[in-house]
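Have a look at the structure below, then the notes.
To find a chain, count down the sequence lines: A is the first, B the second, and so on, and within it residues start at 1. Nothing here was measured: the structure is a model prediction, and the numbers come from that model.
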There are 2 protein chains.
Amino acid sequence: MSSSPASNPPAAPVRTKRVGRQLTPDQIVEASLRIAARGSADAFTIRRLGDELGSDPTAIYRHFRDKDELMLTVADRMHGEVLDNVPDGLDWRDRLRALAAAAHAAAVKYPIVASSTASRTTRRVNEFRIVELILGALAEAGLDGADAALYYRVVGDSMLAYTGQYAAYLLVEPGVRASDEASWSGEYRLADTARFPHITRLGDELPAITHEAIYEARFEALIIAIEHLAAERRAAAGDAGTAS
Amino acid sequence: MSSSPASNPPAAPVRTKRVGRQLTPDQIVEASLRIAARGSADAFTIRRLGDELGSDPTAIYRHFRDKDELMLTVADRMHGEVLDNVPDGLDWRDRLRALAAAAHAAAVKYPIVASSTASRTTRRVNEFRIVELILGALAEAGLDGADAALYYRVVGDSMLAYTGQYAAYLLVEPGVRASDEASWSGEYRLADTARFPHITRLGDELPAITHEAIYEARFEALIIAIEHLAAERRAAAGDAGTAS
DNA sequence: ACCTGAACACCGTTCAAGT
DNA sequence: ACCTGAACACCGTTCAAGT
């Protein structure tokens with residue numbers, strides 16, 4: 001952005017020589033997201049981040065304590081994108097499904113971020129918003145108190161685990177991933193029939209399962225479990241009502 | 001093992017000078033498991049493995065293509081320990097529960113192994129045995145064909161994701177882990193009441209949830225989903241039987 | 001107040017040289 | 001046939017020096 005020298009806020013010392021070299025935390029986070037979006041093509045390193053910013057790599061340490069703190073801040077921005085993609089006005093089931101779909105999309109877009117924060121708590125604002133969203137869905141489903149707290153952790157941790165696992169898979173070397181991918185139609189198809197009768201019997205079905213189907217079934221299992229517990233609690237409350 | 005020079009298999013050139021310095025793949029795997037069992041206290045590096053073996057670190061490359069291949073072999077040994085801890089004679093539910101408990105224990109014992117293979121396929125014998133075990137349980141539950149194949153992946157991948165997530169958590173620096181751990185009784189307790197009413201309402205319940213309870217509830221959700229699908233299939237088969 | 005760049009203490013892996 | 005050790009191409013991070 002070039003502007004005429006005297007048209008800026010009064011008394012602000014303008015040093016055009018430095019324009020573009022002054023870093024802000026936002027610039028660092030945005031450069032991080034750009035690198036992260038390159039996936040396995042580009043390793044996420046402090047040196048690469050320096051390149052991306054056109055500055056010395058160690059300048060980043062003037063704005064973030066270490067790489068871990070940077071990554072948690074980057075993760076919070078990713079969580080913001082996730083929330084932007086969850087529409088309003090859905091019932092609790094579709095709200096959780098939309099959240100799961102958005103989290104999955106974000107993990108595919110920024111695999112290094114999803115992978116390296118899957119076991120962590122960011123304790124930042126968008127994580128609070130996601131917790132609140134899940135707790136709201138669980139309340140609507142009919143869970144409260146310790147049930148709601150436990151199932152928040154079940155849903156939240158599972159979403160992190162599933163997306164983190166897939167993100168890490170997207171980051172393994174293409175050659176290695178290809179041979180992992182081929183195992184169901186390769187090694188497993190050649191399994192000894194006598195020793196592994198079930199594997200043999202499902203030789204056609206196992207290679208046909210897609211990641212999308214697995215992710216959906218895993219998440220639907222959580223929804224079924226929530227419905228199951230809510231029904232149990234309703235039944236218990238109904239009995240109590242009848243008994244009193 | 002020292003022995004008198006001439007008492008060994010005939011014509012085998014015995015070089016006592018080299019005893020203890022000749023590496024075998026098994027020795028390398030066992031040294032790897034010892035290092036892995038030290039958890040976050042000791043980083044799992046090729047150099048440390050060399051120390052543990054009393055040899056030059058690069059000698060390992062005479063027996064394993066790279067660190068990845070070594071880690072997959074080590075993971076297979078871990079899977080063997082998991083299987084050793086699954087008793088015979090259980091029904092499908094308790095067999096899956098025992099597998100989940102054994103996998104969890106192994107992840108706690110060897111966190112770096114569970115963490116670094118959570119997105120991978122070892123394609124080795126003990127993985128085959130675990131797949132066979134899960135498929136057997138699903139068959140007993142009443143799932144077959146594409147259902148069994150899908151739910152194998154749901155159960156297997158989920159077990160890897162859950163144990164890998166927790167293992168990675170055990171490996172984060174103790175100071176960082178402590179502050180993550182304290183978040184529910186710290187930052188989350190201070191959340192703005194107006195903006196985060198659900199979080200505020202569950203301020204007492206959220207910090208009380210234990211990792212064990214979460215792991216159990218996640219796994220029970222899978223069992224419920226299996227029962228649910230099996231019941232659906234039985235109902236459909238019953239209807240078809242009635243209709244024909 | 002912020003950026004730079006040399007430097008430190010690490011990594012996994014390769015390769016020529018030993019035995 | 002296997003092991004050694006120097007070396008390469010990396011890491012995250014610190015710190016004295018610049019502006």
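- No donor-acceptor contact under 3.5 angstrom links the side chains of A:Y162 and B:Q165, judged on distance only.
- Atom NE2 of B:H63 and atom C1' of D:dA1 are 10 Å apart (whole Å).
- Comment: B:R120 does not engage B:E127 in a salt bridge, judged by the lack of any side-chain N to carboxylate O separation of less than 4.0 angstrom.
- Nucleotide C:dC2 holds its C1' atom 13 Å from the CD atom of A:Q27, rounded to whole Å.
- The interatomic distance linking B:L49 (CG) with D:dC3 (P) rounds to 13 Å, in whole Å.
- With the 3.5 Å cutoff on both pairing distances, Watson-Crick and G-U pairs in DNA chain C assemble into runs of at least 3 at C:4-8 with D:12-16, C:12-16 with D:4-8.
- Of the charged side-chain nitrogens involved, none lies within less than 4.0 Å of a carboxylate oxygen, so that B:R153 and A:E205 do not count as a salt-bridged pair.
- Between the C1' atom of D:dT14 and the CZ atom of A:F64 lies a distance of 19 Å, rounded to the nearest Å.
- Distance CG (B:D66) to P (C:dT13): 5 Å, rounded to an integer number of Å.
- In this structure, B:E216 does not pair ionically with B:R97, as no charged nitrogen and carboxylate oxygen lie closer than 4.0 Å.
- Taking 4.0 Å as the cut-off between side-chain N and carboxylate O, B:R77 and B:D26 count as a salt-bridged pair.
- When rounded to the nearest whole Å, the span between CG of A:L53 and P of C:dC2 equals 16 Å.
- Between B:D56 and B:T58, the shortest heavy-atom contact is OD1-OG1, 2.7 Å.
- Where B:R62 and A:T24 meet DNA chain C, the nucleotide closest to each residue was compared, and A:T24 sits on the side nearer the 5' end.
- A:R218 and A:S158 form no side-chain donor-acceptor contact under 3.5 Å, judged by distance and modelled atom types alone.
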### Task
Verify ring pair (Phe, Tyr, Trp, His ring centres under 6.0 Å) between A:Y166 and A:Y215, making sure each step is shown before the conclusion.
CA-CA 9 Å; A:Y166 188 57; A:Y215 187 71; 8.1 Å; no
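- Side chain of A:Y61, nearest nucleotide from D:dT4, C:dC3, D:dT14: D:dT14.
- Within the 4.5 Å cutoff, side-chain heavy atoms of A:R195 are placed close to those of B:R129.
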Mind listing the N/O atom pairs, protein and nucleotides 6-11 of chain D, below 3.5 Å?
from	atom 1	to	atom 2	distance (Å)
D:dC11	N4	A:R47	NH2	3.3

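- Between the CZ atom of B:R65 and the P atom of C:dT13 there is a distance of 10 Å, given to the nearest Å.
- Rounded to whole Å, atom C1' of D:dT13 lies 14 Å from atom CG of A:L70.
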